[in-house]
Amino acid sequence: MADDSLFLIDIDRILREKASGKAKYVPRFVVSYLKRIVHQDELNEFLRSSKDKSGVDFLKACLDFLDARIVVKGRENLPEGGLYTFVSNHPLGGQDGLALGYVLGSHYGGKVKYMVNDLLMNLRGLAPLCIPINKTGKQAKDFPKLVEAGFSSDNQLIMFPAGLCSRRRHGVIRDLDWKKTFITKSVQYHRDVVPIHFEGRNSNFFYNLANVCKALGIKFNIAMLYLADEMLKNRHKTFTVTIGKPIPWQTFDKSKTPAQWAQCVKETVYSLPHATDNNS
């Protein structure tokens with residue numbers, strides 16, 4: 001009997017739900033391509049095999065599945081005795097989120113929460129660690145409430161303030177501008193900010209596709225469809241996580257706007273020892 005509570009990737013169902021009556025007109029070779037690019041069969045096999053795991057244990061299973069080795073530098077900078085906002089660059093869209101959740105979740109006894117796209121709530125093993133964020137559609141009105149709930153909780157928070165994975169601009173792979181929410185809320189709730197740099201990159205195809213879509217003015221994030229493929233391309237690799245010293249929340253005073261402070265912290269992340277921009 002199928003376990004309805006287990007989220008599995010189902011391209012046919014997604015097309016039926018999103019395209020409704022037009023789904024039957026989508027050519028089968030397109031459907032087959034989509035299934036292949038999101039690695040539907042392989043990922044569903046993993047999700048079934050790990051269905052009894054959740055939280056940090058699920059993250060460990062994901063990293064094992066991807067054969068990812070994580071090297072942590074600056075572990076001594078992880079603070080104790082308080083609540084913090086951990087902010088990182090977002091080069092990959094897969095291993096970076098899994099690794100940071102595992103490293104910080106292991107250190108803080110599982111008391112961590114991601115502020116992430118609400119789609120990830122569908123992954124049952126990851127859901128206990130997620131605060132779902134969706135700034136569009138029906139859930140947009142709940143966005144401020146969910147942010148407040150996250151910052152007022154007794155969990156350590158993990159955020160990727162760029163929102164999107166890094167993009168390539170002028171030959172350099174870097175995050176886009178960081179959003180200011182982590183600054184304003186960290187000040188409000190007296191959370192020091194811990195900067196983290198994750199070293200990694202996606203394929204040239206991914207960056208070229210994102211840039212072409214931007215040049216054509218395509219609003220839908222087509223590159224996102226390829227993140228599963230990028231994640232599997234980055235299998236069997238070693239990634240370096242560099243943790244910086246906590247920045248006291250009092251640092252973020254009126255001398256700069258919250259948006260300016262957000263960019264300052266972003267620059268701090270990219271200036272951490274061992275942290276580098278990725279060149280094409």
Side-chain angles (χ1 to χ4, degrees), residues 1-53 58-59 61-68 90-98 114 116-127 130 132-140 160 163-168 200-237:
M1 181 182 293
D3 182 354
D4 292 334
S5 67
L6 178 63
F7 170 76
L8 296 175
I9 301 165
D10 187 339
I11 292 296
D12 291 307
R13 178 178 56 78
I14 291 170
L15 286 173
R16 284 196 304 271
E17 291 176 355
K18 300 295 184 185
S20 61
K22 297 178 182 176
K24 61 185 177 185
Y25 299 113
V26 178
R28 294 313 300 170
F29 77 88
V30 172
V31 176
S32 297
Y33 176 76
L34 288 172
K35 289 179 179 179
R36 190 168 74 252
I37 208 66
V38 303
H39 295 263
Q40 176 170 300
D41 292 342
E42 187 175 5
L43 292 181
N44 282 344
E45 183 179 344
F46 164 72
L47 290 170
R48 289 190 188 95
S49 68
S50 60
K51 66 180 181 181
D52 296 326
K53 293 179 168 54
F58 178 73
L59 295 176
C62 292
L63 293 172
D64 288 345
F65 168 70
L66 295 168
D67 189 25
H90 199 13
L92 300 180
Q95 282 90 336
D96 44 4
L98 298 170
Y114 297 97
V116 296
N117 188 297
D118 66 309
L119 288 173
L120 293 178
M121 291 296 289
N122 289 312
L123 294 175
R124 190 172 67 181
L126 195 59
C130 292
I133 298 299
N134 184 354
K135 290 189 180 181
T136 61
K138 292 182 292 186
Q139 295 175 357
F160 296 99
L164 297 172
C165 299
S166 301
R167 297 295 194 255
R168 183 166 59 196
R201 58 161 291 168
N202 284 320
S203 69
N204 286 331
F205 169 82
F206 178 85
Y207 299 119
N208 291 338
L209 176 65
N211 284 338
V212 166
C213 290
K214 183 175 187 294
L216 294 175
I218 298 172
K219 299 255 188 256
F220 178 70
N221 185 7
I222 293 175
M224 185 174 66
L225 293 173
Y226 289 84
L227 284 179
D229 193 51
E230 293 295 321
M231 183 173 68
L232 292 175
K233 283 178 183 173
N234 272 311
R235 259 180 158 174
H236 318 301
K237 290 187 178 179

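In what follows, every heavy atom counts, from backbone to side chain, and hydrogens, waters and symmetry copies are set aside.
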State the [atom1]-[atom2] distance between [X] and [Y], to the nearest 0.5 angstrom.
X: Lys53; Y: Leu59; atom1: NZ; atom2: CG; answer: 12.0 Å
X: Gln40; Y: Ser32; atom1: CD; atom2: OG; answer: 10.0 Å
X: Asn202; Y: Tyr207; atom1: CG; atom2: OH; answer: 4.5 Å
X: Leu98; Y: Tyr114; atom1: CG; atom2: OH; answer: 6.0 Å
X: Met231; Y: Leu43; atom1: CE; atom2: CG; answer: 5.0 Å
X: Ile222; Y: Leu209; atom1: CD1; atom2: CG; answer: 6.5 Å

Do the side chains of Arg36 and Asp229 get close enough for a salt bridge, i.e. N-O under 4.0 angstrom?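 So Arg36 does not pair with Asp229 through a salt bridge.
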
Give the intermediate values and the outcome of side-chain contact (heavy atoms from CB on, under 4.5 Å) for residues Asp12 and Val31. CA-CA 7 Å; Asp12 291 307; Val31 176; 3.5 Å; yes

Kindly give the heavy-atom pair with the smallest separation between [X] and [Y], and that separation in Å.
X: Gly200; Y: Pro91; value: O-CB, 3.2 Å
X: Glu230; Y: Phe206; value: OE2-CB, 3.5 Å
X: Phe58; Y: Leu47; value: CZ-CD2, 4.3 Å
X: Gly163; Y: His90; value: O-CD2, 4.4 Å

Does Asp10 reach the side chain of Asn44, with side-chain heavy atoms less than 4.5 Å apart? no

Would you sort out whether Val38 and Leu227 count as a side-chain contact (heavy atoms from CB on, under 4.5 Å), showing the intermediate values? CA-CA 8 Å; Val38 303; Leu227 284 179; over 6 Å; no

With a 6.0 Å cut-off (strictly less than), is the heavy-atom count around NZ of Lys233, excluding the residue itself, greater than 12?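 Count over threshold, so yes.
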
Do side-chain atoms of Asp96 reach the backbone of Gly93 as a donor and acceptor pair under 3.5 angstrom?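 Yes, the answer is positive, given that a donor and an acceptor are paired below the 3.5 Å cut-off.
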
Given Asn204 and Arg168, is the side-chain contact (heavy atoms from CB on, under 4.5 Å) satisfied, shown in steps? CA-CA 9 Å; Asn204 286 331; Arg168 183 166 59 196; 2.8 Å; yes

Could you list the residues that satisfy side chain to side chain donor-acceptor pair (under 3.5 Å) with Arg235, not counting sequence neighbours? Glu42

Under the side-chain contact (heavy atoms from CB on, under 4.5 Å) rule, what do Asp64 and Phe46 come out as? Steps first, then yes or no, please. CA-CA 11 Å; Asp64 288 345; Phe46 164 72; over 6 Å; no

My understanding is that only residues two or more places apart in sequence, or in another chain, count here; which of them pass side chain to side chain contact (heavy atoms under 4.5 Å, CB included) with Asp67?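 Result, side chain to side chain contact (heavy atoms under 4.5 Å, CB included) vs Asp67: His236.
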
